[in-house]
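A short write-up of the structure that comes next.
What you see below is based on every heavy atom in this structure, not just the backbone, and it leaves out hydrogens, waters and symmetry mates. Protein chains get the first letters and strands the later ones, always in sequence-line order, with residue 1 at the start of each.
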Number of protein chains: 2
Amino acid sequence: MSSHTRIGSTFIGRPPRYLELPEGFGFEHGQAIRPFNICYETFGELNADRSNAILVCHALSASAHAAGKYSAEDEKPGWWDGMVGFGKAFDLDRYFVICVNLVGSCWGTTAPASVNPDTGKPYGSLYPWVTITDMVRAQRLVVEHLGIEKLRCVAGGSLGAMQVLMWASLFPDAVESIVAMAGAAAVPVEGVAWHIIGRKIIESDFHFHNGDYYDNPEALRGLQVARMVGHMTYLSQEALERKFGRRRRHGSSQFEIDSYLEYQGSKFSKSYDANSYVRIQAAMDEMDIEEIFGSLEQAFARYRGKALLISFDSDWLFPPTEVEKVDVALKANGVESTYMEIVTGNGHDAFLIDFHLITPPVRDFLTRIGVAVGR
Amino acid sequence: MSSHTRIGSTFIGRPPRYLELPEGFGFEHGQAIRPFNICYETFGELNADRSNAILVCHALSASAHAAGKYSAEDEKPGWWDGMVGFGKAFDLDRYFVICVNLVGSCWGTTAPASVNPDTGKPYGSLYPWVTITDMVRAQRLVVEHLGIEKLRCVAGGSLGAMQVLMWASLFPDAVESIVAMAGAAAVPVEGVAWHIIGRKIIESDFHFHNGDYYDNPEALRGLQVARMVGHMTYLSQEALERKFGRRRRHGSSQFEIDSYLEYQGSKFSKSYDANSYVRIQAAMDEMDIEEIFGSLEQAFARYRGKALLISFDSDWLFPPTEVEKVDVALKANGVESTYMEIVTGNGHDAFLIDFHLITPPVRDFLTRIGVAVGR
């Protein structure tokens, strides 16, 4: 029995909700924002013993809107609608799915663009630099608020996968299983370098003003170009060749890839906030589980759940070897971990595209967890 | 007998010379610059029958200073000193080597930063958009000026290799052999995309003013960051891991890769001109031998010389498959072409680093050419 109305392959879900923290949220780096609201959405129904909850963690620019539509008029469903839904990998006939908007993100959680009640202006440059630990702690507050002691699974791709690994490291007793794809314990140097370049592009925008640009109504060109850099890191060489090659736009000397990058940059700059972008991406680059816990083995030493780790062969942001390292460390701790490298031309973005490839292993994995916990 | 004094592994060469064109140089796109000077250097001695001349073509940011030092005090020798010198692959005991500063470059040839005699100010935005054909035509003028009808070899790496292929296409009768490494008939889309992003970074610099920025004494931040993008395309993933990994600078939270990129960007912006950078890089992206000649086979249909083509396995700007395509087209025309893929972790930059790997095949190839032409 579900409160969701199905439409086509998706459904009408619930509006976002907010966990209000009147006492504020304290950031890992020491500052606090008060009051602080954490935006989240839930999908499907929590069962009586609160044992069917799955947390899905979103990546850089997404939101708590993981699946479904708010109304039939919505053009697109949530960001992981291919995976979360009735009969899908995270099956809403069985599971209660939660998604929390990241600390630092501009999609509902108190953000750099939110108005600081002390000044009546957006926080801008005053908003703290966030960490993945901050994000995971905020998710934990929502999960506790919903009365859930133990999550059946924490799942995500890319930055979402990094949060998944942080959950297993920080709150091992709260997690029965993890599903991490296209992500690892730290971003390798190639990705870090491109991210740093992207942030330099934003920060050198004449109108950025160290993050206090909210009185300027124009889109930040720096954000547009940084997004183009980001987009490139999601695309495999094969996908670039297949989709664009050296083709020109019809009747124009402009390369199709140029037109595509401009479109993506422009679209992004209209919907996403530059301060959120630089903070969340910097948090991604700074996270390094080996550095924090001494080693991967130590990070997962207390984790007793199960694990499914998926890499994509054409993903050069998180190459398969990086994902495999996590599998090795989990197994060294006696964790029942499954690692698979999926062959696809879609690069890093495969976790948002190749649902036919990632659904079977995720579904099988969750079934096994269900059997293991007797449900 | 040579007029060069040897010092250590290099030598003291001759100062740059200039081919002065008082009537100006007409660009492929229709404009002209008058007067126009083409800067070039020569190394070693031209023999009596003018049959030992080799043209080496430089890449994006280099100059006519291919080898040697101007004086013993110079910190560094020319850009291909590892290949051009006494006893080296392009052996100055045997060959007379010419290198011409590219049309559009700011190293001596009349450039965007040169003063326009009509206005008393730098050409800036008025300087034409150049093509690889312009560059090759200017080289041809220098070669003819030196009284050379036929070059023993035209050689280069990266953008230099693209000029080499254009020579074989445009002036097949003037070339006995070509050596092209880390370059192909067109830049594949991944490189084009990064180049385009780099140019967008420069063009969106608030101080760039469409290329008329010469009254601003400050270095262009956009050029610095664009150079960082360029630098990334020269590095393989392996080289990034080996040289930097996720290491931080000693006593700092800054990633070493960040510090390295800043250093490279800053150094470049002090010595190179942004207008030259965008023009030469755009010319590189626009060159497409298949597009110009209909097919690679047609492009090389009149070429009767020999060819040595070298790719590097870790070069993702010009992947081996792109270089091999040229070999296939040459062979289809009956050209004696040798193709080799060299295994190295040094990526695109291998042609400037791995002299121990590229010297033997180049030396052997030139020896064979010498035997073939009876010299």
Side-chain angles (χ1 to χ4, degrees), chain A residues 185-208 220-222 224-232 235-248 253-262 265 285-288 290-291 316 319 321, chain B residues 185-208 220-222 224-232 235-248 253-262 265 285-288 290-291 316 319 321:
Chain A
V187 182
V189 58
E190 192 165 10
V192 169
W194 287 121
H195 290 169
I196 286 174
I197 287 172
R199 294 199 289 283
K200 289 182 196 298
I201 296 170
I202 293 173
E203 287 160 2
S204 64
D205 185 313
F206 185 80
H207 299 288
F208 183 66
L220 285 172
R221 179 65 179 162
Q224 295 179 353
V225 181
R227 180 59 171 177
M228 300 182 201
V229 171
H231 229 84
M232 285 293 292
L235 291 164
S236 68
Q237 201 161 45
E238 183 196 309
L240 279 165
E241 287 292 347
R242 174 165 35 88
K243 292 183 175 180
F244 311 102
R246 287 185 50 87
R247 289 187 292 280
R248 316 273 182 158
S253 64
Q254 187 186 30
F255 286 109
E256 283 188 5
I257 183 66
D258 185 358
S259 163
Y260 172 79
L261 291 172
E262 281 293 344
D285 292 339
E286 291 298 325
M287 171 170 148
D288 189 329
E290 276 189 85
E291 202 173 75
W316 57 265
T321 47
Chain B
V187 182
V189 58
E190 191 165 12
V192 169
W194 287 122
H195 290 169
I196 286 174
I197 287 173
R199 293 199 289 281
K200 289 183 195 296
I201 295 170
I202 293 172
E203 288 160 2
S204 64
D205 185 312
F206 185 79
H207 299 288
F208 183 66
L220 285 172
R221 178 65 179 163
Q224 294 179 354
V225 180
R227 180 59 172 177
M228 299 182 201
V229 171
H231 229 84
M232 286 293 291
L235 290 164
S236 69
Q237 201 161 44
E238 183 196 310
L240 279 166
E241 287 291 346
R242 175 165 35 88
K243 290 183 177 179
F244 311 103
R246 288 185 50 88
R247 289 188 293 281
R248 316 272 182 158
S253 63
Q254 188 186 28
F255 285 109
E256 284 187 4
I257 183 66
D258 185 357
S259 162
Y260 172 79
L261 291 172
E262 281 293 344
D285 292 339
E286 291 299 325
M287 169 170 150
D288 189 329
E290 276 189 83
E291 204 173 74
W316 58 264
T321 47

When you measure from the side chain of [X] to the backbone N and O of [Y], does any donor-acceptor pair fall under 3.5 Å?
{"X": "A:Arg246", "Y": "B:Val187", "answer": "yes"}
{"X": "B:Asp288", "Y": "B:Ala186", "answer": "no"}
{"X": "B:Trp316", "Y": "B:Leu235", "answer": "yes"}

Toward chain B, the part of [X] with a non-hydrogen atom under 4.5 Å:
{"X": "A:Ile196", "value": "side chain"}
{"X": "A:Glu286", "value": "both"}
{"X": "A:Glu262", "value": "side chain"}
{"X": "A:Val192", "value": "side chain"}
{"X": "A:Arg199", "value": "neither"}
{"X": "A:Ile257", "value": "side chain"}

Picking from [options], which has the most non-hydrogen pairs under 4.5 angstrom with chain A?
{"options": "B:Met228, B:Lys200, B:Arg221", "answer": "B:Lys200"}
{"options": "B:Val229, B:Asp205, B:Val225, B:Ile201", "answer": "B:Val229"}
{"options": "B:Tyr260, B:Phe255, B:Phe206", "answer": "B:Phe206"}

Query raised in the report: To the nearest 0.5 Å, what is the distance between CD1 (A:Ile197) and CE (A:Met232)?
Result: 12.0 Å
Query raised in the report: Looking at A:Arg248, A:Arg247, A:Arg242, A:Lys243, which hits salt bridge (charged side-chain N to carboxylate O under 4.0 Å, His left out) with A:Glu256?
Result: A:Arg247
Query raised in the report: Of the backbone (N, CA, C, O) and the side chain (C-beta and beyond), which part of B:Gln224 lies under 4.5 Å from a heavy atom of chain A, both, or neither?
Result: neither
Report task. Decide yes or no for A:Gln237 and B:Pro319: does some side-chain heavy atom of the first lie under 4.5 Å from some side-chain heavy atom of the second? Result -> yes
Requested in this report: Measure up the B:Trp194 and A:Trp194 rings against each other and bin them: parallel (under 30°), tilted (30 to 60°), perpendicular (over 60°).
Outcome: parallel
